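Owing to the predicted nature of the structure, the values given are computational and were not obtained by experimental measurement. As a basis for the values below, the full set of heavy atoms in this structure was taken, side chains included, without hydrogen atoms, waters or symmetry mates.
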Amino acid sequence: FASRYAAIHDDTADSAIGNIMGSNSVNIFVGLGIPWLIGSIYGTIKGVPYAVDAGSLPFALVVFCCLMVGGLGIMMYCRAMGGELGGPIGRIRVV
């Protein structure tokens with residue numbers, strides 16, 4: 001709802017896209033952090049080491065960071081060319 005509100009009440013979509021990226025980042029970090037914290041506290045209380053197989057997490061993190069940097073690069077390119085995301089149609093063509 002916050003992204004929708006930002007998109008409606010702003011001339012550009014930059015704040016809405018920033019809100020979406022920030023929200024997803026927080027959801028990922030909290031969604032991974034809280035279960036890890038609970039598991040590590042439980043393991044400490046029981047006296048057993050808490051270990052989790054990382055699996056493909058490093059790959060997923062690299063992909064996420066690359067896509068985030070790419071998206072920010074596109075936003076910066078559009079702004080440098082005089083355009084804005086969510087601005088007038090046809091003013092700037094990125095793809």
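Partners of Ile28 under the side chain to side chain contact (heavy atoms under 4.5 Å, CB included) rule, at least two apart in sequence or in another chain, are Leu32, Phe64.
Alongside Leu67, the hydrophobic cluster contains Phe59, Val63 (criterion: ILVMFWY side chains under 4.5 Å).
Crowding of Tyr50 atom OH: a count of heavy atoms from other residues, nucleotides or ligands under 6.0 Å exceeding 12.
In this structure, Ile38 is a member of the same hydrophobic cluster as Val30, with clusters built from ILVMFWY side-chain heavy atoms closer than 4.5 Å. One hydrophobic cluster holds both Leu57 and Met68 under the rule that ILVMFWY side chains link at heavy-atom gaps under 4.5 Å.
Between the CG atom of Asn24 and the CZ atom of Phe29 there is a distance of 11.0 Å, given to the nearest 0.5 Å.
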